[in-house]
Amino acid sequence: MVQLLKVHGSQNKFFILDQTTLEHQLTDPELVALTKQITDPEKGLLHGADGLLVVNHSDHPGVTAQMRVINADGSEASMCGNGIRTVARYVAEKEHQNEFKIETMKADLKVAKHQPFADGVPAYAAEISPVSFDKKALPFDNLGGERIVDEYVPELAPGLKFTSIAVPNPHLIAFMDKETITGPLLGELGSYLNSDNPYYSDGVNVNFATILGKNKLFVRTFERGVGYTNACGTGMSATSLAFALTHPDMADLNTPITVYNPGGMVQTIVHFDNHQYWIELIGNATVTHKIDVDEQALHDADVSVQNATITKTEEQSAYEQMVNSLPKTVQVDVKE
Ligand SMILES: N[C@H](CCC[C@H](N)C(=O)O)C(=O)O
């Protein structure tokens, strides 16, 4: 028997699979097939999820573990901000370390245990980097210059100013009023830029934000490889950086920014060290279910309530209690 975890960061939901616990590690095609099967909202496990986080050994010196990110559609992403907090908690409790590095596709990132966000709501901090504005890093094309920072891009949507940042996965950000953020435009633009289009050849995570006050944001995201999610950690991080760059009177560097989202709330801190931006993302790391199943079911991409023993933890009620205590912010339809 092996154990999967169902976890979330701001209710951006994932399954965690630790390859080091398996007799035979899943191959990449098996990882993709398993992800598609268990994350399916209708036919998957526990009403599905937004992706699979794959933990493995790292052979990088001074690095405790490796994390890979498989989106619900089977595509692999270079990073996942909500996900790395849950992997950090899993590895911290497994290896009895509170501060360490996790290898991701493009960088070894610092993570650290943080004081709980509320009773029963464990929290972790994660380094979000490297940051790039260059079109080659996103990549985007056919949209004017070498970078998009606080610019009108009528090809994408009239009347909105956009910023595009890789952290290192690709993000497109726009600030707007509450009416626009709750309207259909986010889904329309997100769907268009994550299908065949002349602008973002690898797709892009689209983040719409509204400014609630000084160092206070609401962000709603349409994610590449998933669609609407309750929150996107790298999206909220990239949006916080865009906030500091485009509204310096409303957002301070090296100061916590509270970022509300349809799934809850995180904090971000935009740092500028050695001429480089990086963002610290602090938020919950909640385990909702433990799933015990034969390893073969993972290889067969056939995990269900028929062949798995599922144990629900007490953590979701603690998390919902925290969310219910948050000040009422922009209410939008959340992805469930
Ligand atoms: N969909 C993203 C990966 C997951 C990122 C998100 N869930 C986060 O918390 O950062 C992409 O394809 O770049």
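Each ligand, and each atom within it, is numbered from 1 in the order the structure gives.
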> Can you tell me how far the CG atom of Asp50 sits from the OG1 atom of Thr229, to the nearest 0.5 Å?
Replying inline: 5.5 Å
> Any salt bridge (charged side-chain N to carboxylate O under 4.0 Å, His left out) pairs touching residues 103-115, not counting sequence neighbours?
Replying inline: Lys110-Glu127
In residues 272-279, what donor-acceptor pairs under 3.5 Å come from side-chain atoms, sequence neighbours left out?
unit_1, atom_1, unit_2, atom_2, d
Asp273, OD2, Trp278, NE1, 2.7

> Got a sec: does the CG of Asp249 have more than 12 other heavy atoms crowding it under 6.0 Å?
Replying inline: yes
> In the hydrophobic clustering (ILVMFWY, side-chain contacts below 4.5 Å, transitive), which residues join Leu298, or is it alone?
Replying inline: Val2, Leu4, Phe15, Leu17, Leu22, Leu26, Leu31, Leu34, Ile38, Leu45, Leu46, Leu52, Val54, Ile70, Ile291, Val293, Val303, Val305, Ile310
> Under a 4.0 Å heavy-atom cut-off, what residues line ligand 1?
Replying inline: Asn12, Phe14, Asn71, Ala77, Met79, Cys80, Gly81, Asn82, Asn169, Asn205, Glu223, Arg224, Cys232, Gly233, Thr234
>> I'd like to know if the side chain of Lys101 reaches the main chain of Pro61, judged simply by a donor and an acceptor atom lying under 3.5 Å from each other, with no hydrogens or angles considered.
In response: no
